[in-house]
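Both backbone and side-chain heavy atoms feed into the values below; hydrogens, waters and symmetry mates do not. Naming: A, B, ... by sequence-line order, numbering from 1 per chain.
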Amino acid sequence: MAEQPASPPQHFIRQIVAADRAAGRHGGQVVTRFPPEPNGYLHLGHAKSICLNFGIAAENGGRCHLRFDDTNPAREDPEYVQSIQDDVRWLGFAWDTLRHASDYFEVFYLGAEKLIRMGLAYVDDLSAEQVREYRGTLTSPGRESPFRNRGIGENLDLFRRMRAGEFADGSRTLRAKIDMAAGNINLRDPAIYRIRKLTHQNTGDAWPIYPMYDYAHCVSDAVEGITHSLCTLEFEDHRPLYDWFLQQLDLPGDPTLTAPLRARGLWLPPNTPQQIEFARGNISYTVMSKRKLLTLVQERLVDGWDDPRMPTLSGLRRRGYTPEAIRTFWERIGISKQNSVIDLGVLEGCVREDLDARAPRRMAVLDPLQLVITNLPPDHGETPVLANHPKDAAFGTRQVPFSARLWIEREDFMERPLPGFHRLAPGGEVRLRGVGIVRCDEVLKDGAGSVTGLRGTLDPDSRPGRPGAERKVKGTIHWVSAAHAVAAEVRLYDRLFDVPDPDDESDGKTYRDHLNPLSCRVVRGFLEPMLAAAAAEERFQFERLGYFVADRHQHAPGKPVFNRIVTLRDTWTHRA
RNA sequence: UGGGGCGUCGCCAAGUGGUAAGGCACUGGAUUUUGAUUCCAGCAUUCGCAGGUUCGAAUCCUGCCGCCCCAGCCA
């Protein structure tokens, strides 16, 4: 049978790139970039862009650069540039070239002087408030600045003095001279440079002026030879500006502009890239804005950027998500220009799918109820052999100590079973995984009537190897031998917010009002002994409970700490 | 009263004039010593609405409606 090769869906960006290659545009090359500003940790939304940019490059035999967009030293921090590199690598991508926009400060400066000489940029003395007034509104045109028609010589002199640090912060800007009446507000003489006497993480105090995004970004793309500059929808309005700067500057045709890069060994063949916008991917029950994530961290609403409930990549990593699951997730979602909110369940489905195939099975009891098997001697001991994976023999087997006194999950017993309940009930039978069929004979209670333990008998004929082992019972439950159990801290994580759209403030409430109080429940559980030796970040399926990971930071052999990654799919509790 | 986008199943998303892909979710049923997994089947006479063009329209035209983004010396 001719299986269709699983070719990735042809979303519109892949189509554009394929068409460009077919037409020989950009010399048939594909060069992309992931350009984060180092002002926060990477999150799932960034992962979409990372997968897209690195993916498109890889699929087309091209390259993808990592570029830090560090043009605003007021907000940026080296802590973030380190974490971003760690996260991109962890996600599974390797950049071709690592750059900073600050590597191009000389180029930006030369380009700005060129615009001035072309009569396309001017130094404006208007204050920020005045600029705002002159800009007009969405529906009414702006007015030209009184400084708009200064001579080229005066502009050049003033700009050089800005660069020399002669003027106070905010006292002047360099602006592009485009059209104060443009319907697109980005074209109403946008700022190119502002004065900010701040120490920059890379360039120190060398520059008292810093370029604006619209100018720096397109030039950075051009000097790196980027062919397809992929960004999110809100930059659609900026594309005319992107194109305008590049057309005026003509970086491929003007070697003087990139001369500083030759001198520093950073030169690459310049190109005139094409900006293409796609929609961000929002996910239900979470927030993705850097501002809100920062607030959660700063106000200690979560336990740092890598809190396992955070949608940051470091948070997901600590939660136990695999890079593969995250990549599968975004591939499954696709790329379009439609604003959307993706069901959190899709993400969860991706980790389950990945972990089902790769996580060894173990047993752990998180809400213990004691079961004593009365037809076994109190000192009975044996070590049944259990498969580490039900479908993959390559995972091998392990020995799990078993005795007459067990912990089982409290939830696996119902004194008055609901119709359809398949587990243990007074007088009922259930299979103990790998051991045999046990019948509940007696329910022990305390003075208040709460169940404190169970007593039962194990059907000797149902033990492994006996003919009766094949006997069918409705349910199979997991267990841990009380005498051998290892106590552990287990964190049961759930969604951070209890409403699908925490960003929605139409009811007067904000995301802070919707924090889920049950997003992290810490319990003491009992593990089968092997688990005590787990390595940090090792993942397991605790049978019938879900997937768990040994905490990256706090787990230690002898002091096990596990995080619940995600529960198993459950078709029973929903209908019960 | 401006400019730029977007409206296809509960959630994503293909489709670009020839008679609605796929995934997730969901619902049946089979297998199962995880109520998991796996398997098999079902799941849009209809593409925001209304007209029009055409033998034929989700795709073209016209007009409405709805949602998102833009008035930082942020990115």
- Within this structure, what is the CG-to-C1' distance between A/Asp179 and B/G3, rounded to whole angstrom? 12 Å

- Query: Does the A/Lys197 side chain pair with the main chain of A/Phe167, one donor and one acceptor, at a distance under 3.5 Å?
  - Reply: yes

- Does A/Ser171 or A/Gln541 map to a spot on RNA chain B nearer the 5' end, using the closest nucleotide for each? A/Gln541

- Task: Name the pairing partner of B/G66, where a pair is Watson-Crick or G-U wobble with both distances under 3.5 Å, or state none.
- Result: B/C6

- Item | Distance in angstrom units between A/Ile342 CD1 and B/C11 P, rounded | 13 Å

- A/Arg196 has a side chain; which of B/C74, B/C6, B/G23 sits nearest to it? B/C74

- Message: If the cut-off is 4.0 Å, is A/Arg362 near the phosphate of B/U34, judged by side-chain N/O to OP1 or OP2?
- Response: no

- Item | Side-chain (A/His65) to main-chain (A/Arg33) donor-acceptor, under 3.5 angstrom | no

- Decide, applying a 5.5 Å centre-distance limit and a 30° plane-angle limit (both strict), whether A/His422 stacks on B/G35. yes

- Pick the nucleotide of RNA chain B nearest each of A/His389 and A/Asp69; which residue has the one closer to the 5' end? A/His389

- Task: Identify whether any heavy atom of A/Phe421 sits under 4.0 Å from a base atom; if not, whether one sits that close to sugar-phosphate; answer base, sugar-phosphate or nothing.
- Result: base

- Task: Have a look at A/Gly434 and say if it touches a base, only the backbone sugar-phosphate, or nothing, with a 4.0 Å heavy-atom cut-off.
- Result: base

- Query: Under 4.0 Å between a Lys/Arg side-chain N and an Asp/Glu carboxylate O for A/Arg544 and A/Asp412?
  - Reply: yes

- Task: In whole angstrom, give me the gap between the C1' atoms of B/A57 and B/C43.
- Result: 25 Å

- Task: Would you check if there is a donor-acceptor pair between the side chains of A/Glu234 and A/Thr232 at a distance under 3.5 Å?
- Result: yes

- B/A14 and B/G7: how far apart are their P atoms, nearest whole angstrom? 9 Å

- Task: Using a 4.0 Å heavy-atom cut-off across all strands, classify A/Ser340 as base, sugar-phosphate, or nothing.
- Result: sugar-phosphate

- Message: Using a heavy-atom cut-off of 4.0 Å across all strands, would you classify A/Ile335 as base, sugar-phosphate, or nothing?
- Response: sugar-phosphate

- Pick base, sugar-phosphate or nothing for A/Ser127, based on heavy-atom distances below 4.0 Å to the nucleic acid. base

- Okay, side chain of A/Arg14, backbone of A/Glu59: is any donor-acceptor separation there less than 3.5 Å? no

- Item | Under-4.0 Å side-chain N/O to phosphate OP1/OP2 contact, A/Arg471 with B/U33 | no

- Using the P atom in both, what is the distance from B/U8 to B/C67, to the nearest Å? 14 Å

- Message: Is the shortest side-chain heavy-atom distance between A/Asp124 and A/Tyr122 below 4.5 Å?
- Response: yes

- Message: Can you see if the side chain of A/Ser284 gets near the phosphate of B/C11 - specifically, an N or O under 4.0 Å from OP1 or OP2?
- Response: no

- Please work out if A/Gly281 contacts a base, only the sugar-phosphate, or nothing of the nucleic acid, heavy-atom cut-off 4.0 Å. nothing

- A/Lys474/A/Glu429 ion pair, N-O < 4.0 Å: no

- Nearest of B/C12, B/U34, B/G23 to any side-chain atom of A/Arg361? B/U34

- In whole angstrom, give me the gap between the C1' atoms of B/A20 and B/C47. 8 Å

- For B/C26, does OP1 or OP2 lie under 4.0 Å from any side-chain N or O of A/Arg569? yes

- Message: Ignoring hydrogens and geometry beyond distance, is the side chain of A/Arg239 in donor-acceptor contact with the base of B/G4 at under 3.5 Å?
- Response: no

- Message: Only pairs with both distances under 3.5 Å count, Watson-Crick or wobble alike; so what is the partner of B/A14 in this structure?
- Response: none

- Task: May I ask you to say what A/Arg431 touches in the nucleic acid, namely base, sugar-phosphate or nothing, with a heavy-atom cut-off under 4.0 Å?
- Result: base

- Is the centre of the A/Phe542 ring less than 6.0 Å from the centre of the A/Tyr547 ring? no

- Message: Does A/Gly349 reach a base, just sugar-phosphate, or nothing at all? Heavy atoms under 4.0 Å.
- Response: nothing

- Message: Regarding A/Leu241, tell me which of base, sugar-phosphate or nothing describes its non-hydrogen contacts under 4.0 Å with the strands shown.
- Response: nothing

- Query: If only atom types and distance count, is the side chain of A/Arg398 paired as donor or acceptor with the main-chain N or O of A/Arg361 below 3.5 Å?
  - Reply: yes

- Whom does B/A75 pair with, Watson-Crick or G-U wobble, provided both distances fall under 3.5 Å? none

- Respond yes when some side-chain nitrogen or oxygen of A/Lys290 is under 4.0 Å from OP1 or OP2 of B/A75, and no when none is. no

- Query: Is A/Arg544 near enough to B/G35 that one of its side-chain N or O atoms lies under 4.0 angstrom from OP1 or OP2?
  - Reply: yes

- Task: Assign a letter to each nucleotide of nucleotides 64-72 of chain B from its 5' end: B, base within under 4.0 Å of a protein heavy atom; S, sugar-phosphate only; -, no contact.
- Result: ----SBBBS

- Message: Within 90° of 0 counts as syn, otherwise anti: where does B/G7 fall?
- Response: anti

- Query: Any side-chain donor paired with an acceptor under 3.5 Å for A/Ser127 and A/Gln130?
  - Reply: yes

- Task: Rounded to the nearest angstrom, tell me the gap between atom CZ in A/Arg423 and atom C1' in B/U33.
- Result: 15 Å

- Message: Is there aromatic stacking of A/Trp572 on B/G35 here, judged by a ring-centre distance under 5.5 Å and a plane angle under 30°?
- Response: yes

- Distance in angstrom units between A/Phe395 CZ and B/U34 C1', rounded: 15 Å

- Considering just the side-chain nitrogens and oxygens of A/Thr476, establish if one lies under 4.0 Å of OP1 or OP2 belonging to B/U34. no

- When the C1' atoms of B/G18 and B/G56 are considered, how many whole Å apart are they? 7 Å

- Query: Using a cut-off of less than 4.0 Å, is there contact between a side-chain N or O of A/Gln338 and OP1 or OP2 of B/G7?
  - Reply: yes

- Answer for the Watson-Crick or wobble partner of B/G28, both distances under 3.5 Å, is B/C40

- Message: Of the listed nucleotides (B/U34, B/C74, B/G35), which one gets closest to any side-chain atom of A/Thr571?
- Response: B/G35

- Message: Just the rounded figure in Å: distance from P of B/A75 to CE of A/Met288.
- Response: 22 Å

- Does any N or O in the side chain of A/Tyr215 come within less than 3.5 Å of the main-chain N or O of A/Phe108, such that one atom is a donor and the other an acceptor? yes

- Nearest-Å distance, CZ (A/Phe413) to P (B/G35)? 18 Å

- Message: Let's see if you can work this out: which of B/U16, B/U34, B/G35 has an atom nearest to the side-chain heavy atoms of A/Gln15?
- Response: B/U16

- Item | Protein-nucleotide distance (A/Gln10, atom CD; B/U16, atom P), rounded to Å | 14 Å

- Query: Can any side-chain N or O of A/Glu37 pair as donor or acceptor with the backbone N or O of A/Phe68 at less than 3.5 Å?
  - Reply: no

- Message: Without decimals, in angstroms, what is the distance between A/Asp392 CG and B/U32 P?
- Response: 20 Å

